[in-house]
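Within every chain, numbering begins at 1; the chains are lettered A, B, ... in the order of the sequence lines, protein sequences first and strands thereafter.
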Amino acid sequence: VGKLKCEDFDKLIHLYFDGELDAEKSKEIEEHLLTCQKCAAKLQELENLADAAKRIRMPEPSSDYWKTFTERVRNEIILRRKKSVWARLKSGWESFFFYSPAKLRIAAGIASILLVFIIGKLYWDYKGKELERVRSERIERTLSVPAHQKPEYPSPALTESTKTGESTLIKPKPTATEPETVKVHAPLESIPSSSDKVIMEEKSTEAGEVKTQPPKPSVTSTLEVRKIDEKMAARLNLATKVEPAIPQPSVPETTIQIQKLQSEKGADQMNKKEAVSSKKIGEEFYPVELMKFYKVDETWVRSLTERDTSIDADTLKKVISTWKEFFSKKPVPEWVPGGFSQIKIAYQLLFLKNKDLSSLEEGIELLNKYNNPLTDWKTKHELNKKILELEALKKK
Amino acid sequence: MEVRMVEKKFKAGTEEREDKLIVRAKKGDIYSFERLVERYQKKIYYLALRMTRSHEAADDLAQESFIKTFYSLKSFKEGYSFYSWVYKICMNLTINYLKRQKFTVSESQLPQGLLELVEDTGKADASEELVRDELTRKIEKEIDHLPPEFRAVFILKTYEELSYEEIANALKISKGTVMSRLFRARERLQKSLKDYL
């Protein structure tokens, strides 16, 4: 017996028989076979099996069969090629619905993804609306004022506007998150005392329902100008049902424009910047009147411009009395030049309304009274200009 | 000398022609493909017949193999054996067919079917061809009883004389699986034919 053992031969017999062994291994097998009759018999068995299998005769089809074979293959190829796109789509569509676990799994997967997407979208929309509603309610709650908390001095303009519609004041809650709020600090040298409180609040009336907010304790020595832009107004639901704050007999005011004020100079510049613009509604253009208010201490008072000729005398007198009361508490109120301007305009409008020179004289006298103790040259100069304007009007 | 040279040229020409036929068939030339079918139709038919033991099934499977080959020619890489490509397709179709049919040829059906087929061919000595020794009949029966996967490996090795590697490629299985299936198929046959071998 050679190097190879019979057990090893048993493992390699098929590989040897099938010619899958390398030359060296084959030689070892052959050497073993020469000496081992038992293993040689095993190999012979395999050979006999293969020979017997190869002896199985397969019947040969007729020669006609082979002649037609290629023809049939060709015809079938041509036939399948001629299948229209529609037929292929149809068969594909049909096979799609043919039961198949894999297809079912794919369909279930797609359906699940779609379902999750739809539910997610619905939830997202619902949550978004809910958040928006809560936010709107919170803002409205903050801004809305109960009936008993209406301003102490309701301006004549408001009284007037309530005749035609509802009109109240909007006082947005000053929060850090509201970009619409601009705080303008007055120069330190012009702040006489820490107890002085003036908040000038500008507001656009969107005709419609404008709500009043009870005045909040203002920040000491801070000139606070609040503005409300269209975005804010929309959020407060003020853009609808707009009624004119100041009745315009011929032209209905149904739109609002909010003026942005960022001036440190106060109400004078606010008035200068007051804009009359228009917004297209349907096919017509309507002029827009702005309505602004000052918050003087805890009192809301109408902000006047020289164009406010339609304002009634009571409102003008209320403006004058409010500012007079405010100045009476402050001997040198040079840090509120807007107040001087408001008094001047109020007297001027009063004169134009009543055609009574005494109004102008009273105004000139009052402004001169305020002018005398002023030390700030700039404020003094501005006030002098206003006095001269009134005198010029009186002469005219 | 002159005759040999002619033969060589002819052989080279044939090989080149097959390549050209494949290229043309790839472009959709069905008549070029027909020439290729003519060349291998018998081998493929007998391969299917050995597996299925049914002329009808072998006919269908052989035809389908060529049709599928035609439509899959785009992925056929030049330089490879066209016949290998076709028998690969044929064996896969056949195994699937047998699995689907749970094909098992009964002892009584087989000679009858074959007899009819042979009679159709009109051969006078058909009955003689059917006369086999006992071992051949027995082995025929035992091969038919092998599972399709085992039968495929055994047939490819015994009749097509393919290497393990080639069988593995044709059936898309590993070489180890080929060896395992082949050894087990032979063991089964040896066991059942112990008295005859």
Asker: For the pair R186(B) and H14(A), evaluate side chain to side chain contact (heavy atoms under 4.5 Å, CB included) and give the outcome as yes or no after the intermediate values.
Answerer: CA-CA 9 Å; R186(B) 279 173 178 163; H14(A) 290 278; 3.1 Å; yes
Asker: I139(B) and A53(A): which non-hydrogen atoms are nearest, and at how many Å?
Answerer: CD1-N, 3.8 Å
Asker: Check whether more than 12 heavy atoms from other residues, nucleotides or ligands sit under 6.0 Å from atom CZ of R184(B), and answer yes or no.
Answerer: no
Asker: In Å, rounded to the nearest 0.5 Å, how long is the span from CG of D59(B) to OG1 of T68(A)?
Answerer: 8.0 Å
Asker: Determine whether a donor-acceptor pair (N or O, by modelled atom type, separation under 3.5 Å) exists between the side chain of E20(A) and the backbone of S163(B).
Answerer: no
Asker: If you count heavy-atom pairs under 4.5 Å with chain A, which of F33(B), F66(B), F70(B) comes out on top?
Answerer: F70(B)
Asker: Is there a salt bridge (Lys or Arg N to Asp or Glu O under 4.0 Å) between R72(A) and D60(B)? Walk through the geometry before answering.
Answerer: CA-CA 10 Å; R72(A) 281 183 288 130; D60(B) 285 346; over 6 Å; no
Asker: I'd like to know whether I77(A) forms a side chain to side chain contact (heavy atoms under 4.5 Å, CB included) with Y71(B), so could you lay out the CA-CA distance, the side-chain angles of the two residues, the decisive distance to 0.1 Å, and finally the verdict.
Answerer: CA-CA 9 Å; I77(A) 289 172; Y71(B) 285 110; 3.9 Å; yes
Asker: Pick one of side chain, backbone, both or neither for E64(B), based on which atoms fall under 4.5 Å of a heavy atom in chain A.
Answerer: side chain
Asker: Just give me the residue among L46(A), T70(A), V73(A) that pairs up with chain B most often, heavy atom to heavy atom, under 4.5 Å.
Answerer: T70(A)
Asker: Indicate yes or no: does E187(B) engage K42(A) in a salt bridge with an N to O separation below 4.0 Å.
Answerer: no
Asker: Please find the pair of heavy atoms, one from A52(A) and one from T136(B), that lie closest to each other, and give the distance.
Answerer: O-CG2, 4.1 Å
Asker: Over 60° means perpendicular and under 30° means parallel, so classify the ring planes of Y46(B) and W66(A), tilted if in between.
Answerer: tilted
Asker: Roughly how far, to the nearest 0.5 Å, is CD of Q41(B) from OH of Y65(A)?
Answerer: 8.0 Å
Asker: Between I143(B) and chain A, with a heavy-atom cut-off of 4.5 Å, which part of the residue counts as in contact: side chain, backbone, both or neither?
Answerer: side chain
Asker: Quick check on E24(A): does its CD atom have over 12 non-hydrogen neighbours (other residues, nucleotides or ligands) under 6.0 Å away?
Answerer: no
Asker: Side chain to side chain contact (heavy atoms under 4.5 Å, CB included) between L182(B) and D18(A): does it pass, once the steps are laid out?
Answerer: CA-CA 10 Å; L182(B) 183 62; D18(A) 293 327; 3.2 Å; yes
Asker: Could you walk me through whether E34(B) and E71(A) pass the side chain to side chain contact (heavy atoms under 4.5 Å, CB included) check?
Answerer: CA-CA 8 Å; E34(B) 212 173 313; E71(A) 195 180 319; 5.5 Å; no
Asker: How far apart are the closest heavy atoms of I56(A) and R50(B), and which atoms are they?
Answerer: O-NH1, 3.7 Å
Asker: Non-hydrogen atoms of chain B under 4.5 Å away: do they reach the side chain of I13(A), the backbone, both or neither?
Answerer: neither
Asker: Grab the two heavy atoms, one from I30(B) and one from R74(A), that are nearest each other, plus how far apart they are.
Answerer: CD1-O, 3.5 Å
Asker: Quick one: what part of Y159(B) sits under 4.5 Å from any heavy atom of chain A, side chain, backbone, both or neither?
Answerer: side chain
Asker: Salt bridge or not between E38(B) and K67(A)? Use side-chain N to carboxylate O under 4.0 Å.
Answerer: no
Asker: Can you check whether F69(A) and Y45(B) have ring centres sitting under 6.0 Å from each other?
Answerer: no
Asker: Let me see the working for E76(A) and K68(B) under salt bridge (Lys or Arg N to Asp or Glu O under 4.0 Å), right down to the final yes or no.
Answerer: CA-CA 11 Å; E76(A) 188 62 28; K68(B) 273 198 176 293; over 6 Å; no
